[in-house]
Amino acid sequence: METLVDLSEILRNLALTAAAAVGAYLAWKKLGPETTQAGSAVFQATLARRAHVMELFNRSAGQLSDEKMEVRLAAIYILGEITVDFPDLSGPVFKLLQNHLTGMSAEIEGEGAPVDARAIAEVLRRRAADEFQRQTPG
C-alpha cells in the first residue's frame, strides 16, 4: 500500500511538472507578439524622432543666411542642441557651421565680430570642450 502512495505522489508530481511546462510554453507563445510589437513601436518612435531632427537640421541650415539676426541665432542654437542629442550627427552639423563661418566676409575675431559668428564660435568651443572632457581620463 505504501508503494502505491509513493507511486501516486511521483505520478502527481510528474503531472504537475508537465502542466507547469505546458503553461510556461503557452505563456511564452502569448508574449511573443506583444514583445515584437513593443519593439517595433520603439523603433518607429526612434525613426520618427530622427526624421524630425533631420527636418530641424535642414530648416536650420537654410536659416543660417536669413536676414534677421534672431532667426540666424535660433538656427545656430538648434544645430548646437542637435549635436548634444544626436552625437552621430555632430560631424555634419559642425562642418556646416565651420563652412558658414569661413564663408562670412566680416572679421570674426573679438568683440567686432557679428553676433551670429560669435554664437557659432561658442557652439564650436563648447563642442571642443565636451570632446576634451570625454577623452581625458577620470
Side-chain angles (χ1 to χ4, degrees):
M1 184 69 167
E2 197 172 301
T3 306
L4 286 177
V5 171
D6 290 340
L7 184 61
S8 70
E9 281 187 30
I10 291 172
L11 289 176
R12 180 185 58 106
N13 289 341
L14 287 174
L16 287 173
T17 303
V22 169
Y25 174 76
L26 292 175
W28 176 72
K29 288 297 273 184
K30 175 73 175 147
L31 287 177
E34 286 84 6
T35 304
T36 304
Q37 202 171 26
S40 295
V42 168
F43 182 71
Q44 290 295 326
T46 302
L47 285 179
R49 184 166 187 243
R50 193 162 181 86
H52 175 70
V53 169
M54 292 308 295
E55 177 63 30
L56 284 175
F57 176 85
N58 289 333
R59 190 177 307 147
S60 297
Q63 291 173 340
L64 285 175
S65 60
D66 195 277
E67 291 180 16
K68 294 182 180 179
M69 178 64 67
E70 298 85 15
V71 174
R72 292 193 308 264
L73 287 174
I76 292 164
Y77 292 129
I78 286 171
L79 289 168
E81 287 302 311
I82 287 173
T83 64
V84 173
D85 293 339
F86 292 89
D88 60 318
L89 296 177
S90 63
V93 168
F94 287 111
K95 279 198 178 291
L96 174 69
L97 290 175
Q98 287 171 343
N99 288 335
H100 185 71
L101 264 181
T102 303
M104 295 177 80
S105 60
E107 178 64 33
I108 59 172
E109 293 294 324
E111 292 298 316
V115 175
D116 54 343
R118 284 185 281 166
I120 291 173
E122 179 59 33
V123 168
L124 293 174
R125 192 173 312 128
R126 188 175 56 218
R127 162 64 183 215
D130 289 346
E131 283 296 315
F132 180 74
Q133 285 179 347
R134 272 188 241 147
Q135 292 176 359
T136 305

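Not measured: the values here are computed from a predicted model. All heavy atoms count here, side chains included; hydrogens, waters and symmetry mates do not.
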For residues 57-65, dump all side-chain donor-acceptor pairs below 3.5 Å to protein atoms at least two apart in sequence or in another chain.
| from | atom 1 | to | atom 2 | distance (Å) |
| --- | --- | --- | --- | --- |
| Asn58 | ND2 | Met54 | O | 3.4 |
| Arg59 | NH2 | Glu55 | OE2 | 3.3 |
| Ser60 | OG | Leu56 | O | 2.8 |

Output side-chain donor-acceptor pairs under 3.5 Å for residues 69-83, partner residues at least two apart or in another chain, one line each.
| from | atom 1 | to | atom 2 | distance (Å) |
| --- | --- | --- | --- | --- |
| Arg72 | NE | Asp116 | OD2 | 2.8 |
| Arg72 | NH1 | Asp66 | O | 2.8 |
| Arg72 | NH1 | Glu67 | O | 3.1 |
| Thr83 | OG1 | Gly80 | O | 2.5 |

Across all chains, not counting sequence neighbours, the side chain to side chain contact (heavy atoms under 4.5 Å, CB included) partners of Phe43 are Leu47

Close side-chain approach of Leu89 and Val53, heavy atoms under 4.5 Å: yes

By side-chain hydrogen bond (donor to acceptor under 3.5 Å, both in side chains), Arg50 pairs with (sequence neighbours left out) Asp88

Acceptor/donor pairs from residues 90-99 side chains to any protein atom, 3.5 angstrom cut, sequence neighbours excluded:
| from | atom 1 | to | atom 2 | distance (Å) |
| --- | --- | --- | --- | --- |
| Ser90 | OG | Pro87 | O | 2.7 |
| Ser90 | OG | Arg127 | NH1 | 2.7 |
| Ser90 | OG | Arg127 | NH2 | 3.3 |
| Asn99 | ND2 | Lys95 | O | 3.2 |

Residue pairs meeting side chain to side chain donor-acceptor pair (under 3.5 Å), one or both in residues 8-22, sequence neighbours left out, come to none

